[in-house]
> 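Structure in structure tokens, see below.
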Amino acid sequence: MDYEMQISASTIRRLRTERGWSQDQLASAAGLSLRTVQRVESQGIASMATTVSLAATYGVPLTSLHDTSCKPEPANQSGPAWSFLLGLAILSLACLSQSGHVAGPWAQAFYAINLLLVAIGLLLATPFAMQCVRRRRFAGPVLAVLGVPLVTLLAGGLVFGMLSGRLPSPALLGMGAAGAALVAMAVREMGRDGRLAGDRSSRSMPLGGAV
């Protein structure tokens, strides 16, 4: 029993016509039946043995016969992962700013800005969070949720320290360093999950019977 795979029917046809061969001549040269050649050129489906025979007959690499239009793209999560981290940072900033109550005529405007920050943070973080839930990959997001608020708190403390001329407390620096370590672990974990998903998708192919 041999597995079927998707190959490029147009490539098989092009290589045959470039050599001036008929389908019957290709079948004879490759040691295949005429029906198999016709099926490959019409449907783009062939067994591994048939694909190897065609590649050897044409003198081309095996990979050049694959139908690249049918290959799933490897999962690339670097963009969504960084959007997730940015969304968490914005949510943390909104929570941090909300903790400082502003009274007077600016109170409503300050509250509206915080609501806008929350909406932007959720918009950035939710898509990647949903992907992780569907794939049951929770380690990276959990580490990020724990680490990003601490890093944001440290950043806020550093800005406040520069404006007030005071150094951040050792406790704040320690929490920020711990948060940075957690974020680094989260980035590494989410990157590893993305590579694993890409490897799995690149290895997948339709299965069937022998040609």
> Looking only at atom types and distance, does a side-chain atom of Ser42 sit under 3.5 Å from a main-chain N or O of Arg39, one as donor and one as acceptor?
yes
> What is the minimum heavy-atom distance between Leu62 and Met48, and which atoms define it?
CD2-SD, 4.3 Å
> Between Ala144 and Phe84, what is the shortest heavy-atom contact and its length?
CB-CE2, 3.8 Å
> Search all heavy atoms of Ala46 against all heavy atoms of Val40 and return the closest pair with its distance.
CB-CG2, 3.8 Å
> Roughly how far, to the nearest 0.5 Å, is the SG atom of Cys95 from the CG atom of Leu117?
10.0 Å
> Counting neighbours of CG on Leu167 that are heavy atoms of other residues, nucleotides or ligands and sit closer than 6.0 Å, is the number greater than 12?
no
> How far apart are the closest heavy atoms of Leu15 and Val60, and which atoms are they?
CD1-CG2, 4.3 Å
> Between CE of Met5 and CD1 of Ile45, what distance do you get to the nearest 0.5 Å?
11.5 Å
> Which atom names give the shortest non-hydrogen contact between Leu124 and Gly87, and what distance separates them?
CB-CA, 3.8 Å
> Given side chain to side chain contact (heavy atoms under 4.5 Å, CB included), test Ile120 with Leu123 step by step and report yes or no.
CA-CA 5 Å; Ile120 294 174; Leu123 184 64; 5.6 Å; no
> Do Phe160 and Leu172 pass the side chain to side chain contact (heavy atoms under 4.5 Å, CB included) test, and can you show the C-alpha distance, the side-chain angles, and the key distance before you say yes or no?
CA-CA 12 Å; Phe160 179 77; Leu172 179 61; over 6 Å; no
> Taking all non-hydrogen atoms of both residues into account, name the closest pair between Leu154 and Leu173 and its distance.
CD1-CD2, 3.8 Å
> Distance check, rounded to the nearest 0.5 Å: Gln25 atom CD versus Arg16 atom CZ?
9.0 Å
> Taking the side chain from Arg19 and the backbone from Tyr58, do they hold a donor-acceptor pair closer than 3.5 Å?
yes
> How long is the gap from CD on Gln23 to CZ on Arg35, to the nearest 0.5 Å?
13.0 Å
> Step by step, would you call Leu26 with Leu32 a side chain to side chain contact (heavy atoms under 4.5 Å, CB included)?
CA-CA 8 Å; Leu26 173 59; Leu32 303 172; over 6 Å; no
> Is any side-chain heavy atom of Val183 less than 4.5 Å from a side-chain heavy atom of Leu143?
no
> Count I, L, V, M, F, W, Y as connected when their side-chain heavy atoms are under 4.5 Å apart, and connections chain through other members. Are Trp82 and Met190 then in the same cluster?
yes
> If two hydrophobic side chains count as joined below 4.5 Å and joins carry through other members, does Leu86 share a cluster with Met130?
no
> What is the distance from atom OG1 of Thr11 to atom CG of Leu54, rounded to the nearest 0.5 Å?
11.5 Å
> Quick check for you: to the nearest 0.5 Å, what is the distance between Leu88 atom CG and Leu93 atom CG?
12.5 Å
